[in-house]
Amino acid sequence: MSTKFSDIRRVTTHQLHAMKEAGEKISMLTAYDYSMAKIIDAAGIDVILVGDSASNVMAGNETTLPITLDHMIYHATSVVKAAERALIVVDIPFGSYQGSSTAALKSAIRIMKESGAHSVKMEGGLEIKDSVERVLSAGVPVMGHLGLTPQSIYKFGTYSVRAREEAEANKLIEDAVALEAMGCFAIVIEKVPAELTRQVAEKLAIPIIGIGAGPYADGQVLVVHDMLGINKEFNPRFLRRYADLHTSITQAVQGYVTDVKSGSFPDKKESY
Ligand code: KIV
């Protein structure tokens, strides 16, 4: 699809602001490895998130909590090598920024220096103000993340929709305003009512990227394995599947097994 911003050589945080101003929606997907990042970058994605969802998707953990800073840097380094156009955002993992702005700064600097990524993402609002400001003070762009923040899953107890109640919705708006004032370049808002997303997106000048947050966000993000239908077990209402790779891969592997067992692979043309 050709858009005003489709021919830019490298997406920057400034271009994301310009997209919001121009009313062009921002596309964002996760990636954790070189091969996938290469495909989605060439397909025209604006932002690649090296999400700590790698903990679930790549490592098979139940939550995002176990993934380490070293793991995130490993994934980010592979993605950076592949992506020529997209802006790359890397999640700072659980335990690497909460409670200490010095730890936050050290973690962000390691991510930027060792992986070559362009920005970091942190979950939370006013409670992580010191960490966000310290990282920003080093010149590292920060994306915020509010609503259902998976690093706090044991506090929430469930993955259900957040901020349905007025008090939590008001706190989310207050946090979003504060993150913008601190200097964040964008905010992910996860699994909240669409009307709340509309209010936040209208109130803030910085882009709001939604996941399970309705159509009024300035952009959308999905976990790439979910939207490609690799993972069959995860079926939230907000997920639209653009492929059924679980079936395609299963059929391809079954075909390979059959051909190897029958001796029809390799044939003469596939041999030296
Ligand atoms: O880690 C991740 O994939 C994320 C998205 C769900 C926004 O944070």
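Each ligand, and each atom within it, is numbered from 1 in the order the structure gives.
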Output yes when [X] and [Y] qualify as a salt bridge under the 4.0 Å nitrogen-oxygen rule, no when they do not.
| X | Y | value |
| --- | --- | --- |
| Glu168 | Arg164 | no |
| Asp46 | Lys25 | no |
| Lys171 | Glu174 | no |

Is it the case that the side chain of Asn61 and the backbone of Asn56 share a donor-acceptor pair, with hydrogens and angles ignored and the cut-off at 3.5 Å? no
Run through all N or O atoms in ligand 1 and write down each protein N or O closer than 3.5 Å, as a pair with its distance.
residue, atom, partner, partner atom, Å
ligand 1, 1 (O), Asp52, N, 3.2
ligand 1, 1 (O), Asp52, OD1, 3.0
ligand 1, 1 (O), Ser53, N, 3.0
ligand 1, 1 (O), Ser53, OG, 3.2
ligand 1, 1 (O), Asp91, OD2, 3.1
ligand 1, 3 (O), Ser53, OG, 2.5
ligand 1, 8 (O), Lys121, NZ, 2.9

Can you tell me how the ring of His75 sits relative to the ring of Tyr32, calling it parallel under 30°, perpendicular over 60° and tilted otherwise? perpendicular
Give the ring-plane orientation class for Phe238 versus Phe234, where under 30° counts as parallel, over 60° as perpendicular and anything between as tilted. perpendicular
